[in-house]
Amino acid sequence: MTAPATPTPPAQADRTDTLRVLICDEMNPGNLEHDGFQIDYQGNMDRAETLRRLPDYDALITRSRTKVDRELIDAAGPRLKVIGRGGVGVDNIDLDYASLRGLLVLNAPESNNVSAAELAVMHLMAAARGLTRSDRKTRAGEWDRKYLGQELKDRTLGIVGLGRIGSIVADRAQGLRMNVVAYDPHVPDSKFERLGVKRAVTLDDLLAQVDAITVHTPLTDETRGMIGAEQLARLKKGAIAVNAARGGIIDEQALVDALHSGHLFAAGVDVFVDEPPTPGHIFLHAPNLGITAHLGANTFEAQERVGAEIVSRVLDALHGDVSKGAVNAPALDAKTMEALGGYLKLGDKLGRILAQLLPGAHDVEVTFRGEFPADPAPVVTSVLVGYLSGSTDETPNMINARALARERGVNIAIREQADSPDYQTEVIVKITGGQAGEKERTRTVGGTVFGKNPRLTRLRDFRVELEPEGNILIASNQDKPGAVAKLSTLLGTWGVNIAGMALGRAEKGGQALFTLTLDDALTPAQLAQVRELDVIDSAYMVRA
């Protein structure tokens, strides 16, 4: 089978003459002289002028000022292929409409990495020495020299999220002679070893051994509030907490409570759940809390880098290289979507389920069984999109997923079998991974498509038939009466309703597996109680 490919890059130009790029917002674009390109820069171009000129260009580069909405996209006409956004956020761009029109949208988030990491370290150092507290008192006329801060040397910093920014923070902390431990189940052991960072197997493991914690993970359903009152209580008394990533990863009320109680020595935040904060926001009156106004990207150097970087990425994209900075995935052609739409959705679902069962895998094997209505190669990419979602600094999509997987050290293998013994077609995905010192583990899921709707057909070696939607409890047991009844009774005591059930077994009287689709996800404490039932061998909670 040929290697899977992403959709033909929408940015690939089909003309041989000079490619034209329009930069309509203020930035430092760096060198504008590139062979084969005409780059026109006019900062703060008014909207009417942008609408008038854009049809003559192959690419548009903006910052946050220019609103790239339907009107502007329609005005551009068929020549426009790429939209570049200098910086991280793309709120000013109608991504759905751009994708529908086949336009590739790029950004340059890495340009801010050093600035964002250094701001986190600044908050750490300011919290350790009471900078905010001393500044406030001194301005008020109180000369307080009795306050004692903390040295960071030989203390242990815990980093949640060892992506690009977290890695830079680790390097800077080591330069301060701190010990560094990190928790990131999505990063392979090789990266920890390369950075000289100790791996924490669980978040609780990290919390128990650090003197300070800083978070550098995307904001997802899983990470929102992941550092709450319970987690802060597990930190040593006198610890420091820093959030310069996304508002809400550290619960705001829990952070303030821990500062008021004295359990935390100090904290620093650059981000709020709602920005800008209201005049009565709880952070504004919390003790020993340093605050900045979401300044992670705001340095002269970062702003200079971002212009040159987005220009470079747009030029690469116009030559067909879309491996860096892709924010969206332009729609596949209508014929492919009609043939594979259900399978692309299935691949994404299988990847998301596997990411919850075994994060940080280093091998992904995709097997296609049966005759598919079109070349199923794009389904491999959709599996990677699902598997990587919520675990990287960039948003994975059909364009960048394979590059992100390579960056994570993920090996991809594809198998093809002409026949499918149980279904007309079936997609089976097996992943392999394991942390240092642990036995390698594998997880396998499979599925098919009924009409346009995905169905799970396999979990491990068990046959099931289940719609992959909502909260799914996967449990294994010995094939004996009473397991489902006992579990159902326990769920009933918590008021958790069962919306659906599927059963499977390897052989009569042997190992069996069943899945329950629940109206509400179980908490970690509830899941632990499920695992303690004498009729249950293992239990996992996933969201499809």
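Pro454 and Gly342 make their closest contact through CG-O, 3.9 Å (heavy atoms, listed as atom of the first residue, atom of the second, distance). The two residues Ala170 and Leu162 make their nearest non-hydrogen contact at CB-CD1, 4.5 Å. Heavy-atom minimum distance, Ala239 versus Leu235: CB-CB, 4.0 Å. For Ala539 against Val530, the heavy-atom pair with the smallest separation is CB-CG1, 3.8 Å. Across every non-hydrogen atom of Ala241 and Leu255, the tightest pair is CB-CD1, 4.1 Å. Across every non-hydrogen atom of Ile399 and Ala326, the tightest pair is CG2-CB, 3.7 Å.
Surrounding NZ of Lys452 are more than 12 heavy atoms belonging to other residues, nucleotides or ligands, all under 6.0 Å away. The number of heavy-atom neighbours closer than 6.0 Å to NZ of Lys430, taken from other residues, nucleotides and ligands shown, is 12 or below. Heavy-atom contacts from other residues, nucleotides or ligands closer than 6.0 Å to CD of Gln424 number 12 or fewer. Atom CZ of Arg246 has 12 or fewer heavy atoms from other residues, nucleotides or ligands within 6.0 Å.
With no hydrogens or angles considered, a side-chain donor-acceptor pair links Thr292 and Asp270 at under 3.5 Å. Residues Lys236 and Gln209 bring no donor and acceptor atom of their side chains to less than 3.5 Å of each other. In this structure, a donor-acceptor pair under 3.5 Å is absent between the side chains of Thr217 and Thr223. Residues Arg543 and Asn471 have side chains that bring a donor and an acceptor to within less than 3.5 angstrom of each other. Looking only at atom types and distance, the side chain of Thr457 has a donor-acceptor partner in the side chain of Glu426 under 3.5 Å away. Counted by atom type alone, Asn477 and Asp537 present zero donor-acceptor pairs between their side chains at under 3.5 Å. Donor-acceptor pairing under 3.5 Å is recorded for the side chains of Thr425 and Tyr343.
For the atom pair Tyr183 OH and Asp205 CG, the distance stands at 10.0 Å (nearest 0.5 Å). For the atom pair CG of Asp520 and OG1 of Thr523, the computed distance is 11.0 Å after rounding to the nearest 0.5 Å. One distance of note links CG of Asn243 with CZ of Phe272; it measures 10.5 Å at 0.5 Å rounding. Rounded to the nearest 0.5 Å, atoms CD1 (Ile428) and CG (Leu350) are 10.0 Å apart. Here the NZ-CD distance, from Lys349 to Glu467, works out to 8.0 Å after rounding to the nearest 0.5 Å. Interatomic distance, OG1 of Thr515 versus CD of Glu465, reported as 11.0 Å (0.5 Å rounding).
Between Val169 and Leu157, the closest side-chain pair of non-hydrogen atoms falls below 4.5 Å. The side-chain heavy atoms of Gln231 and Met226, taken from C-beta on, include no pair separated by under 4.5 Å. At a threshold of 4.5 Å between non-hydrogen side-chain atoms, the residues Asp274 and His281 do not count as touching. Looking at Asp363 and Ile431, their side chains never come closer than 4.5 Å, going by heavy atoms from C-beta outward. Residues Ile240 and Asp211 form no side-chain contact, since every pair of their non-hydrogen atoms from C-beta on lies 4.5 Å or further apart. Within the 4.5 Å cutoff, side-chain heavy atoms of Leu473 are placed close to those of Leu522. Between Gln253 and Ile282 there is a side-chain heavy-atom pair separated by less than 4.5 Å. Put simply, the side chain of Leu124 reaches to within 4.5 Å of the side chain of Met178, judged on heavy atoms.
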(request) Starting from the C-alpha separation in whole Å, work towards a yes-or-no answer on side-chain contact (heavy atoms from CB on, under 4.5 Å) for Leu516 and Ile472. (result) CA-CA 6 Å; Leu516 301 177; Ile472 302 174; over 6 Å; no
(request) Evaluate the side-chain contact (heavy atoms from CB on, under 4.5 Å) criterion for residues Thr493 and Leu491: first the C-alpha distance (whole Å), next the side-chain angles of each, then the deciding distance (0.1 Å), finally the verdict. (result) CA-CA 5 Å; Thr493 64; Leu491 295 175; over 6 Å; no
(request) Step by step, work out the side-chain contact (heavy atoms from CB on, under 4.5 Å) result for His216 and Ile159. (result) CA-CA 7 Å; His216 301 284; Ile159 299 175; 4.0 Å; yes
(request) Please assess Val410 against His362 for the test side-chain contact (heavy atoms from CB on, under 4.5 Å), listing each intermediate value before the final yes or no. (result) CA-CA 4 Å; Val410 177; His362 52 67; 5.9 Å; no
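Checked for salt-bridge contact, Asp422 and Arg463 meet the test: a charged N lies under 4.0 Å from a carboxylate O. Contact check on Lys324 versus Glu407 returns no salt bridge, with no Lys/Arg side-chain nitrogen under 4.0 Å from an Asp/Glu carboxylate oxygen.
For the pairing with Asn328, the side-chain contact (heavy atoms from CB on, under 4.5 Å) check across Val105, Val90, Asn400, Leu106 returns one residue only, Val105.
With hydrogens and angles disregarded, a donor-acceptor distance shorter than 3.5 Å links the side chain of Asn397 to the backbone of Val327. Using modelled atom types, no side-chain atom of Arg234 and backbone atom of Leu203 make a donor-acceptor pair closer than 3.5 Å. Between the side chain of Asn113 and the main chain of Ala116, no donor-acceptor pair closer than 3.5 Å is present. A distance-only check finds a donor-acceptor pair linking the side chain of Arg408 to the backbone of His186 [under 3.5 Å]. Checking side-chain atoms of Glu365 against main-chain N and O of Ile412 turns up no donor-acceptor pair under 3.5 Å. Side chain of Tyr387 to main chain of Val364: no donor-acceptor pair is present (N/O by atom type, distance under 3.5 Å, no hydrogens or angles).
Judged by a 6.0 Å distance limit and a 45° cone about the ring axis, Arg455 is not positioned over the six-membered ring of Tyr423.
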